[in-house]
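Beneath this line is the structure, given in structure tokens, with notes to follow.
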Amino acid sequence: MPITVHHIALTAADLGRSSRFYDAVLAVLGYQRRGGLSSPLVYAGDGPDVLVYAVEGADAAPHRHGRPGLQHIALHVHEPGLVDAVFRTVVDAVGTIVHEPRFYDYMDGYYAVFAEDPDGSRLEIVHIPAGAA
């Protein structure tokens with residue numbers, strides 16, 4: 001039996017600000033938030049649930065790419081138009097585009113956008129055509 005991801009859990013300094021980002025971006029991918037604005041925010045869709053917890057303690061500094069910890073999360077989508085749709089949504093939401101949509105040489109047809117949420121957590125939305133090597 002293959003291993004699958006059950007959920008992804010992130011931490012946010014401001015749940016209101018993060019909810020605006022994740023409500024918009026994850027809706028493009030078919031996710032909906034369950035419940036209100038209390039911790040954790042819970043998003044459900046066709047993939048693993050996404051949970052966003054309120055920061056604990058006084059250190060609310062955003063994550064910086066390259067520091068110890070999770071580097072990024074890559075979500076595979078089945079049509080390249082969703083990569084572009086997420087890009088447009090992030091531009092309009094509270095996030096930051098790190099790399100605009102483009103083809104990468106990781107494998108044939110690898111098309112992706114990289115974005116960061118308001119706390120610096122990096123997401124990659126990627127389309128890889130079926131049969132790509």
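By convention here, the first residue in the shown sequence is residue 1.
- Counting heavy atoms from C-beta on, the side chains of Leu29 and Ile125 come closer than 4.5 Å.
- Between the CG atom in Asp105 and the CZ atom in Arg102 there is a gap of 8.0 Å [rounded to 0.5 Å].
- Residues Val90 and Tyr104 do not share a hydrophobic cluster, defined by chaining ILVMFWY side chains whose heavy atoms lie under 4.5 Å apart.
- Side chains of His72 and Leu123 form no contact here, defined as non-hydrogen atoms less than 4.5 Å apart.
- Side-chain atoms of His127 come within 3.5 Å of backbone atoms of Val77 as a donor-acceptor pair (strictly under, hydrogens ignored).
- Annotation: the span from Glu124 atom CD to His76 atom NE2 amounts to 10.5 Å, rounded to 0.5 Å.
- Distance OG/Ser19 to CG/Leu37: 4.5 Å, rounded to 0.5 Å.
- Under the 4.5 Å side-chain heavy-atom criterion for Ile, Leu, Val, Met, Phe, Trp and Tyr, Phe103 and Val98 are members of distinct hydrophobic clusters.
- Using cut-offs of 30° and 60° for the angle between ring planes, the Tyr110 and Tyr106 rings count as perpendicular.
- When the side-chain contact (heavy atoms from CB on, under 4.5 Å) test is applied to Pro101, the partners found at least two apart in sequence or on another chain are Val83, Asp84, Phe87, Tyr111, Val113.
- Hydrophobic clustering (ILVMFWY, side-chain heavy atoms < 4.5 Å, transitive): Phe114 and Val50 are in distinct clusters.
- The stretch residues 43-55 participates, sequence neighbours left out, in these side-chain hydrogen bond (donor to acceptor under 3.5 Å, both in side chains) pairs: Asp23-Tyr43.
- Ser18 and Ala12 make their closest contact through OG-CB, 3.1 Å (heavy atoms, listed as atom of the first residue, atom of the second, distance).
- When all heavy atoms of Tyr22 and Ser121 are compared, the pair lying nearest together is OH-CB, 4.4 Å.
- When side chains are defined from C-beta on, Pro118 counts as touching Arg17, because their heavy atoms get closer than 4.5 Å.
- Between Arg122 and Asp117 there is no salt bridge, since no side-chain nitrogen of the basic residue lies less than 4.0 Å from a carboxylate oxygen of the acidic one.
- Side-chain contact annotation: Thr11 with Asp119, donor-acceptor N/O pair under 3.5 Å absent.
- Linking Ile, Leu, Val, Met, Phe, Trp and Tyr whenever their side-chain heavy atoms come within less than 4.5 Å leaves Ile128 and Val5 in two separate clusters.
- Between Ile97 and Glu100 there is a side-chain heavy-atom pair separated by less than 4.5 Å.
- A search for side-chain contact (heavy atoms from CB on, under 4.5 Å) contacts involving Ala27 returns nothing, not counting sequence neighbours.
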Exercise. Tell me, with the steps shown, if Val86 and Val25 meet side-chain contact (heavy atoms from CB on, under 4.5 Å).
Key: CA-CA 6 Å; Val86 167; Val25 171; 4.1 Å; yes
Practice problem: Applying side-chain contact (heavy atoms from CB on, under 4.5 Å), run through Leu15 and Val52 and close with a yes or a no. | Solution: CA-CA 8 Å; Leu15 287 180; Val52 183; 4.0 Å; yes
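- Relative to the ring axis of Tyr31, Arg33 does not place its NZ or CZ within 45° and under 6.0 Å from the centre.
- Counting heavy atoms from C-beta outward, Leu51 and Ile8 have side chains that stay 4.5 Å or more apart.
- Heavy atoms only, all atoms of each residue included: Gly109 and Pro129 are closest at O-CD, 3.2 Å.
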